[in-house]
> 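Okay, handing you the structure first.
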Amino acid sequence: MSASISSIDLNNLSPIQVFIRIKPNNPNDENETIPFKYSKNNTTLTLPNSPSMSFDNIFPPESTQNDLFDSISSLLHFPLYGYNSTIFAYGQTNSGKTYTMLGPNGKLSLNIDLMGIIPRTSRYLFAAIHKLTSSSSSSSIQYQVRVSYFEVYNARVYDLLNKKSHSLNIREDNQGNINVANAVEIPVDNSLELENVLMQGNEKRRTAFTSMNSSSSRSHALLILWIERRERSTSTSREYKSYLGRLNLIDLAGSEDISRSKVEGDRFREAVNINTELLQLRRVLDALSSSPSYIPYRDSTLTRLLQSSLSTRQSITILISHISSLNIDLYESVNTLKYSEIAKCVQRTSIPTQNLSKYIDTSDVMFGDYNDPIEYFYRRTVYIHTRSYGKIFARLAGHRYDEQQKCILLIHGSGPTNSSMFWNDLVRKLLLATSSSSSSLSPYYFVAIDCPGYGRSDGDKQIIRSYPDVFIEEIIDCISPITHQVYCLIGSSQGAAAVFNALVEKPAMSSFLAVQNPVSHDPQRFVCIKQPALLMYDIDDDGHPVSVGRLVRKYIPNNHYYEYSSSQQSDWLEHNAHLKLLQLFNEYDVNNQLTTSSEISLPSLPACLSVAGGIISYLSSYNREPLYKNSKEELESILLTYEKQSVENNDLFIERIEPESSEDDESKAQRLAIELTQTQCDLCNQHISSNDISKSLRLSDCRHLLCYLCCCETIKINSYECPVVDCATKLNISSSQLSLYSFPFSSDTEKHIIIQFGNSSKSISSSSSQRYEYIAYIKCKTKNLIDNVSFDINPEYPKSAIRVCQPPYELVRIMNLEFTCHFIIQWNKILNWPKLRITYHVQNKQANFIRNLLVRIPNQGNTMAKSHKTHELVYNWTDRDRTKPNLNYILLSYD
Ligand SMILES: Nc1ncnc2c1ncn2[C@@H]1O[C@H](COP(=O)(O)OP(=O)(O)OP(=O)(O)O)[C@@H](O)[C@H]1O
């Protein structure tokens, strides 16, 4: 597919291509059929005693859903490049419009043969997007798809994705686009999500029984897919071009001969409204084909809503007209064909244009921080796990050898897009000024945080104003767990106020302080701040008044005070802040080695890992030495603190820094010594080779070791909890990170999921007998994977005990003995995986008794492997010995 669509392609397209689909006759129907004649290439249709009519494509009764989709699929490329495309189904009631768009019996079908255009489009589009974004040359292209779904019922527009059921207004924006005001737009990342949204919307759509159709659509349904293509010149560039394509998929309500459908009351009113709106649609088509100077779009809700889809300047359209093959419907069919001929005559007035805009991405203030190009500084990102304020995102620079290392903590101001990025320039200059070559490293390391509610830290923005002392203290406890102190606290604006206030309350937290353009209240309180302070004020900045600065200067005894005028020396701060700070350190810190940028020995691994750099920076700077060659302490440190999450194609490594645990040193050493000898995965029990041990994951709370080859990934896909049996430790992996792995799976050769099954039991004593309530269950945390679970306790009997189609998948039985249960899992039908039977001995253990079953899925397992439909895979759990390892594998192999 070319990067753009050429004007030749567009010029050659008729504005509205017209397809005719003829509904097959029901074999039980005794009505006479019309002897249609078609030309060989299916473009001409002739009715008895009538002249031939030409269309772009005719689909005779025997044509399949697939034949039709093949002919429309080329149109689906246009919205991927910012054009509007429309497909709409038109025809009398019961002629097969919903069949064409969704599937049989008026419903969305996911059956591979019967599914309609909409589910096929969904899969086709996401496959195309995957292809367009996955090639190495396209790392700077991203797509976002959003979906809206409306119905026009009795001349009003209703949002099928909104729980509220009031009607909405149609609005025109200043570019002439017609939109529905306050419409819900749901972002979707894959076809499964889109199908779920569709199902949700379809449940709301109005259908009714009529004498013509048992599930007749009583409204026009309009599904809009907004497809945004973002193109950046490089994958890290903030500036991007946005192409917003719009794909309209429309299932019109059927025109209805009221004398035949015999509808009354509400159905009668609906039918009148449907017919009126279809008549207006015909008038619009008439106008488009004859005098395009005035088009009566405004005359009905339907045509107004479809304005951008019908406009020949804005859209590339396919009309699929449906006719019946029965003689009894001849009058309606002829009418439909006439209507279609009019649409065929619509002329293109100009070629459609792309919806293209240029933007600077400001939504993500941290944009680009994943790809830190200057490795030398070892700048990395971490989450600091505070006791009371959750995860605080921080950017780090420099090396830390031990805790005596001079740590500088930076607090940004309260501007709406402020974050740790604010300090980039100052930190870079300080690093450069204090390390003269790449082999001599700065004696400082820097921690710039995103305060709660800013950048990547969640939380309340008010925290840094209201509780600066407690908040900053918690951060320092995490990054300096032994000394509970940092070398210098630096703040800007509101961050400076936080620094002052924190030191008034807790003076021992920092040896130095530095502020630029601070806000401060009651500066007389600052007399207790005894540490050396750097104070920098802009005399032209009324928001941070220098008059207050002059007071601050009086109250803080040891200060270096500077005033500058930003109107006259706009770059004063840029050129001076780092130098003034180093002067302050030199003056007050006799041990300061600043002036000699002497050779500093390379940091050891634990130090690297604890704050700056993480494992990747270590490995890349030491030629990827296998970790086992390093000291025992180094490995200990990795196992203790390391948690990594890689973000697709990026090098974001998130370490976890938290306060020291209460465990005493001796027991910790013993535990670590034992852990160091472990070479078996706690989840799958496989041996971990020495090469892979470094990539394995030691969970920091429960201490379970998970092998890199299969089990680390399992966590990502499956769980917020440690997946090891009977361990329910919560993992600190955010839902947004987990969502990267949401189903359906992507490109690797194999993926894993975990099915948990097991039971609980509870004693129910009665006077006559001892009985137990057993609850046997299957759980799967991957969404939408299971279609239903049958529980069978008597396999000889043809009917299962219970079939559960929604979670929780449970069987509750009161029994006096343990019993064997057969779980039969039917997977989501679109997967076409063989069903899985697990035979499980339900345990009387009085507590929750869980088995984990790792399902290994070769990637082709995601495809529609028809030939395997009937194949059933059986996995037997007959082991009653509870001491044996209770995890097993199952390989879903189709060979
Ligand atoms: N090509 C086809 N092959 C087999 N069955 C079909 C075909 N087209 C339609 N049907 C069946 O005919 C019936 C009516 O079809 P459908 O509900 O799609 O009509 P419709 O035009 O959408 O009607 P309405 O306008 O009343 O909503 C359904 O049971 C549908 O499954």
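First listed ligand is number 1; within each ligand, the first listed atom is number 1. Below, all heavy atoms of this structure are taken into account, side chains as well, without hydrogens, waters or symmetry copies. Given the structure is predicted, the values throughout are model-derived calculations rather than measurements.
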> If you measure every N or O of Asp251 against every N or O of ligand 1, does any of those distances drop under 3.5 Å?
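There is no such contact.
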
> Hey, do the aromatic rings of Phe69 and Tyr124 have their centres closer than 6.0 Å?
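Yes.
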
> Does Tyr297 offer a backbone N or O that forms a donor-acceptor pair with the side chain of Arg283 under 3.5 Å?
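Here the side-chain-to-backbone pair does not exist.
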
> Examine Leu252 against ligand 1 and note whether any of their N/O atoms are separated by less than 3.5 Å.
no

> Mark the output for Ser95 as yes if a heavy-atom distance to ligand 1 is under 4.0 Å, and as no if none is.
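Yes.
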
> Taking side chain as C-beta onward, heavy atoms only, is Ile22 less than 4.5 Å from Tyr38?
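They are in contact (side-chain heavy atoms under 4.5 Å apart), so the answer is yes.
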
> Against heavy atoms of Gly254, which atoms of ligand 1 measure under 4.0 Å?
25 (O)

> Run the numbers on Gln307 and Ile295 for side-chain contact (heavy atoms from CB on, under 4.5 Å), then give the verdict.
CA-CA 9 Å; Gln307 182 165 339; Ile295 317 287; over 6 Å; no

> Hey, looking at atom 20 (P) of ligand 1, which of Met101, His322, Lys97 has the closest heavy atom?
Lys97

> Does the N or O separation between Gly96 and ligand 1 drop below 3.5 Å for any pair?
yes

> Should one rank Ile274, Asn105, Ile22 by closest heavy-atom distance to atom 29 (O) of ligand 1, which comes out on top?
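Answer by nearest heavy atom: Asn105.
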
> Below 4.5 Å, heavy atoms only, C-beta onward: do Lys344 and Met53 meet side chain to side chain?
no

> Below 4.0 angstrom from a heavy atom of Pro104, which ligand 1 atoms are there? Numbered from 1 as shown, please.
31 (O)

> Where's the contact between Lys23 and ligand 1, heavy-atom distance under 4.0 Å: side chain, backbone, both or neither?
side chain

> Check step by step if ring-ring contact (aromatic ring centres under 6.0 Å, His included) holds for Phe791 and Phe823.
CA-CA 5 Å; Phe791 296 85; Phe823 302 88; 5.3 Å; yes

> Any luck finding a side-chain donor-acceptor pair between Thr43 and Asn41 under 3.5 Å?
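Yes, a side-chain donor-acceptor pair sits under 3.5 Å.
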
> If you count the atoms of ligand 1 from 1 in the order shown, which ones are under 4.0 Å from a heavy atom of Pro24?
1 (N), 2 (C), 3 (N), 4 (C)

> Do Lys204 and Asp159 sit within salt-bridge range, that is, some charged N less than 4.0 Å from a carboxylate O?
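Looking at Lys204 and Asp159, the cut-off is not met.
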
> Could you check whether any heavy atom of Gln92 sits closer than 4.0 Å to an atom of ligand 1, since that is the contact criterion I want to use?
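Distance cut 4.0 Å: Gln92 passes for ligand 1.
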
